[in-house]
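Here the structure comes first, spelled out in structure tokens, and everything after it is commentary.
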Amino acid sequence: IKNSTATQYSYETTVRLNEDYSYQVRLTNDASTESKDIIFFDSLENFFQKAEETSPTKVSDWKGKLTGINVNNLVFKGISPVIYLSKVDTMNIQNHHDFSEKINDESVWVPYNTFVSKYGLDKATAIAVDASRMVTGNDFVMQKKESISFDIYMKAPEEDKSGKTDPIAYNNIYVSRTALRTDGDGTDEIPQFYHQDYTKAHYRVAGDLEIKKVDTTDMTTAIKGITYKLSGTSDYGTDYMEERVSDKNGNMQFESIEKGNYELREISCSDDWQLNMETYTVTINEKGIAVINGLTKSGNAYIVSDKPRI
């Protein structure tokens, strides 16, 4: 998994509200095994350890929305991939990997284009990618030490409804294949259905706080060089102790502050101004919006003021 700023995939990352992120699904043969009949399954951001489980082994605190599937790597290998989608919620793949299965007379797995036309891509809760056939119609056989991969594109939620201090989404992939192992007596064909360990995506809501410093006399004249400090601990446990200085237009900005409540205080000003002694409570809400009750705004910036020193 990786977020929108990462350069490589790993088993753990952090994503922000509305951020694009992706999973890379990869299968690699060892030095003694070939593979055919390869099909990948992903019950999006669910992790089941055992077939008999009716609820996930690890329950995800949040889930993203599917925005795309990139199978170009499979096509480059000469594969003719077939993508299926499902809207079965919290699917245990171990019990639902038959493409002919129906529930209440509805197909569990629906071809990609049909599903998107009928329901919309963002309604998909599970995906399957059949990489068993080549464009020639022959079986695709993955050679020893060879690998194939594809990417799943997702978008994080626009608000945090979890109430958790560390909301996490867990995801893992299942693979169905026939392993081919050759020895002196011939080739053994071994049907396999297995999954790898899960990935973890930590979710964080954060927002920007914009402040404009002006003269109390007219509430419009900008003041340069005033220092404010934002302090506190986010709902996720991150400590903040940040300072900003107003520019020539009176503007300052605290960027990517996580959801939670903070104190904002003026800590220094020039000799021309009286220090504002008021402490403001700043809330970054579940949608990443900064709120300071009792202050007015100009555009996106909250207005704070100083009295001139006489």
Side-chain angles (χ1 to χ4, degrees), residues 1-13 15 19-47 63-86 91 93 97 99 109-116 121-122 124-156 169-181 189-201:
I1 185 172
K2 71 174 182 178
N3 59 27
S4 61
T5 59
T7 58
Q8 60 184 8
Y9 286 94
S10 65
Y11 279 91
E12 190 167 359
T13 193
V15 298
E19 184 176 7
D20 295 320
Y21 63 102
S22 61
Y23 295 98
Q24 184 171 88
V25 181
R26 179 178 295 273
L27 176 65
T28 303
N29 280 339
D30 61 29
S32 60
T33 305
E34 297 178 335
S35 300
K36 69 175 185 177
D37 307 325
I38 301 168
I39 306 175
F40 299 93
F41 296 89
D42 186 359
S43 178
L44 295 170
E45 288 162 350
N46 291 301
F47 171 59
K63 292 182 180 181
K65 294 285 188 182
L66 179 67
T67 60
I69 304 170
N70 183 348
V71 293
N72 286 344
N73 177 270
L74 303 181
V75 174
F76 179 77
K77 296 278 189 176
I79 300 170
S80 179
V82 181
I83 303 172
Y84 298 88
L85 302 175
S86 178
M91 178 191 290
I93 293 292
H97 53 275
F99 290 143
W109 295 103
V110 179
Y112 181 93
N113 289 336
T114 303
F115 186 99
V116 172
L121 183 59
D122 63 344
T125 58
I127 70 171
V129 177
D130 185 343
S132 63
R133 307 289 286 182
M134 302 188 69
V135 293
T136 60
N138 297 326
D139 288 342
F140 170 70
V141 179
M142 190 166 73
Q143 302 302 307
K144 298 171 184 176
K145 295 185 178 181
E146 188 179 3
S147 66
I148 55 174
S149 66
F150 65 94
D151 299 327
I152 303 170
Y153 299 134
M154 306 286 290
K155 182 176 282 293
Y170 302 92
N171 193 54
N172 77 321
I173 307 297
Y174 281 82
V175 178
S176 173
R177 72 169 183 174
T178 301
L180 307 174
R181 296 196 177 115
E189 296 194 1
I190 308 166
Q192 295 179 330
F193 183 76
Y194 60 95
H195 67 93
Q196 64 174 22
D197 203 2
Y198 55 83
T199 58
K200 296 169 67 174

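What you see is a predicted model; the values in this text were computed from it and never measured. These numbers come from the heavy atoms of this one structure, side chains and all, not from hydrogens, waters or symmetry mates.
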No-hydrogen, no-angle side-chain donor-acceptor test under 3.5 Å, Glu19 and Ser4: yes
Nearest heavy-atom neighbours spanning Ala131 and Leu74: CB-CD1, 4.4 Å
side-chain contact (heavy atoms from CB on, under 4.5 Å) between Asn171 and Ile1, intermediate numbers included: CA-CA 9 Å; Asn171 193 54; Ile1 185 172; over 6 Å; no
Distance-only polar pair, side chains of Ser43 and Tyr174, donor-acceptor under 3.5 Å: no
Aromatic ring pairing His97/Phe193, orientation class (parallel under 30°, perpendicular over 60°, tilted between): parallel
Tyr170 vs Lys200, side-chain contact (heavy atoms from CB on, under 4.5 Å): CA-CA, chis, key distance, verdict: CA-CA 5 Å; Tyr170 302 92; Lys200 296 169 67 174; 3.9 Å; yes
Steps toward side-chain contact (heavy atoms from CB on, under 4.5 Å) verdict (Val71, Ile79): CA-CA 9 Å; Val71 293; Ile79 300 170; over 6 Å; no
Donor-acceptor pair between Tyr84 and Asp130 side chains, under 3.5 angstrom: no
Note, Lys63 side chain near Leu44 side chain (heavy atom, < 4.5 Å): no
Ion pair check, Asp30 and Lys145, cut-off under 4.0 Å: no
Spacing of Tyr112 atom OH and Leu85 atom CG [to the nearest 0.5 Å]: 7.0 Å
Main-chain N/O of Ser147 paired with Lys77 side-chain donor or acceptor, under 3.5 Å: yes
Any Tyr21 side-chain heavy atom under 4.5 Å of Thr13 side chain: no
Arg181 versus Ile190, closest heavy-atom pair with distance: NH1-CD1, 3.3 Å
Closest non-hydrogen atom pair between Leu121 and Gly68, with its separation: CD2-N, 3.8 Å
CG on Asn172 to CD on Gln196, rounded to 0.5 Å: 7.0 Å
Reported OH-to-CG distance for the pair Tyr11 and Asp197, which is rounded to 0.5 angstrom: 7.5 Å
Tyr194, OH: over 12 other non-hydrogen atoms inside 6.0 angstrom: yes
Whether Asp139 side chain and Lys36 backbone form a donor-acceptor pair below 3.5 Å: no
Interatomic spacing from CD1 in Ile38 to CD in Gln192 - rounded to 0.5 Å: 10.5 Å
Smallest separation among heavy atoms of Val15 and Ala156, with atom names: CG2-CB, 4.2 Å
Residues Phe150, Ile83; criterion side-chain contact (heavy atoms from CB on, under 4.5 Å); working and verdict: CA-CA 11 Å; Phe150 65 94; Ile83 303 172; over 6 Å; no
Minimum heavy-atom distance Ala31-Lys144, with the two atoms named: O-CD, 3.4 Å
Check: Phe41 ring centroid to Phe99 ring centroid under 6.0 Å: yes
Spatial distance of atom OG (Ser22) from atom CD1 (Ile152) [nearest 0.5 Å]: 9.0 Å
Donor on one side chain, acceptor on other, Gln24 and Asp151, under 3.5 Å: yes
Nearest heavy atoms of Pro191 and Glu189, plus distance in Å: CD-O, 3.6 Å
Near-ring test Phe47/Tyr198, centroid separation under 6.0 angstrom: yes
Main-chain N/O of Tyr153 paired to Thr67 side chain as donor or acceptor, under 3.5 Å: yes
Pairwise distance CG(Asp42) to CD1(Ile93) - rounded to 0.5 angstrom: 7.0 Å
Arg177 bridged to Asp37 by N-O distance under 4.0 Å: no
Any donor-acceptor pair under 3.5 Å from Glu34 side chain to Val141 backbone: no
Among Thr28, Leu180, Ile148, the one residue meeting side chain to side chain contact (heavy atoms under 4.5 Å, CB included) with Met142: Ile148
